Amino acid sequence: MNSIFFNNDDFLYAMLQRNLVYNYNFINYSNKIIDGNNIDYKHPDGWVYEDKGANSKIGFDPESNSCIIIKSRSTDVMTFKQTINEFPRWKDLICSKKVSACAIIANVGSLDCEITFSIYDGMNTSSVSAFFKSKEHKEINIVLDVASNASTLVISIQSSSTDAVIYIRKIFANLGSVALENLPCIVEGTIGERKQYMSTDVPPAMELSLCNASTELPMTYTRLNSFLNGKFGKGTNGYSLLPDMRGYFSRAWDNKAKIDTDATKRTPLGQGKVSGDNVGTVELDQFKEHDHELQFDLTGQIPAGPSAAMPSINRMMTSNTVKNGGTETRSKNISELYTIKWA
């Protein structure tokens, strides 16, 4: 552990703060893929993982509750990061303040490795590079005096050590001289959560409207982009498109229950690639197949005056029922604003 000294006032100040890191203990993996007993966890929500080398992988170890990173066999730099200033009016809270961060990391591989833990505000960087022997674990602490004109606040772990197997247990950060683990998160609730409102058409500051044409997320919404992960398509800059939910009702995922009898025929929403019996797919409106019974008697006769009687039904002709109804099939409803949480 690297040594940082603090007093009781430092503790008291830090206890009044919030954890700036979302999903700091890697509970949420919304993009994981379950195939029988096999689970490919992918990256944790809110985080961005980059390693261009071969055989790299990120996932989760349920026994140690750690994010697993298997470094590629090349010397390319692996980066695991989160932009922790993504919330409204962040400059009022963070600029010209001291931010402390802590990472609890283990090298569980058979090879020694070097890991760098950093925090960057667009102007200045505070970082510690630590050498890990095989099977060694450490707690790394860093402190940054955030610039008055800071443009971002990014916390990251990097390594260029080939074939390293890194377990990251937790990463947390807050205002003050000491980083405390058990603080409430600056994000209340879950990023990517959908909400709805019936008395306003203006989304709250921490949410984005889903009742507009689909647009690409700006580059300053990396935590939401990590959650969406291009599920509804990506824009020209490579960031996720927001889904366009205008005019749609919601329906619970069928998940092989066969209550939604056409679940396997569901189509992608927008420019998405996911179809079939999956969350976020679309079904168009339709009537259930049915008959309209017409009661008549072919044996009935219509008197024809001096001529012979005539059949009451002409089976060589067709007729339609009288049109009735409006322009769509719908239930009684109330129009609401749908939003998605980004902070």
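This is a predicted model, so every value here is computed, not measured.
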Looking at residues at least two apart in the chain, or sitting in another chain, which of them share a side-chain hydrogen bond (donor to acceptor under 3.5 Å, both in side chains) with Ser126? none
Atom OH of Tyr248: over 12 foreign heavy atoms under 6.0 Å: no
Would Thr116 and Ser129 count as having a side-chain donor-acceptor pair, cut-off 3.5 Å? yes
Taking NZ in Lys341 as the centre, count heavy atoms belonging to other residues, nucleotides or ligands within less than 6.0 Å. Is the count above 12? yes
Donor-acceptor pairs under 3.5 Å, side chain of residues 195-207 to any protein atom, not counting sequence neighbours: which ones?
{"unit_1": "Gln196", "atom_1": "OE1", "unit_2": "Arg194", "atom_2": "NH2", "d": "2.5"}
{"unit_1": "Gln196", "atom_1": "NE2", "unit_2": "Glu336", "atom_2": "OE1", "d": "2.6"}
{"unit_1": "Tyr197", "atom_1": "OH", "unit_2": "Glu207", "atom_2": "OE1", "d": "2.9"}
{"unit_1": "Tyr197", "atom_1": "OH", "unit_2": "Glu207", "atom_2": "OE2", "d": "2.9"}
{"unit_1": "Thr200", "atom_1": "OG1", "unit_2": "Val202", "atom_2": "N", "d": "3.1"}
{"unit_1": "Glu207", "atom_1": "OE1", "unit_2": "Thr339", "atom_2": "OG1", "d": "2.5"}

For Asn333, is the CG atom crowded, meaning more than 12 foreign heavy atoms sit under 6.0 Å from it? yes
N/O donor to acceptor pairs below 3.5 angstrom from side-chain atoms of residues 182-193, sequence neighbours left out:
{"unit_1": "Glu188", "atom_1": "OE2", "unit_2": "Arg18", "atom_2": "NH2", "d": "3.2"}

Can you find a side-chain donor-acceptor pair between Asp260 and Trp253 that sits under 3.5 Å? no
Just wondering, do Asn237 and Leu217 contact through their side chains at under 4.5 Å, heavy atoms? no
Option passing ring-ring contact (aromatic ring centres under 6.0 Å, His included) with Trp47 (candidates Phe60, Phe227, Tyr24, Phe26): Phe26
Taking atom NZ of Lys97 as the centre, does the number of heavy atoms from other residues, nucleotides or ligands within less than 6.0 Å exceed 12? yes
Counting only heavy atoms not in Lys231, do more than 12 sit closer than 6.0 Å to its NZ atom? yes
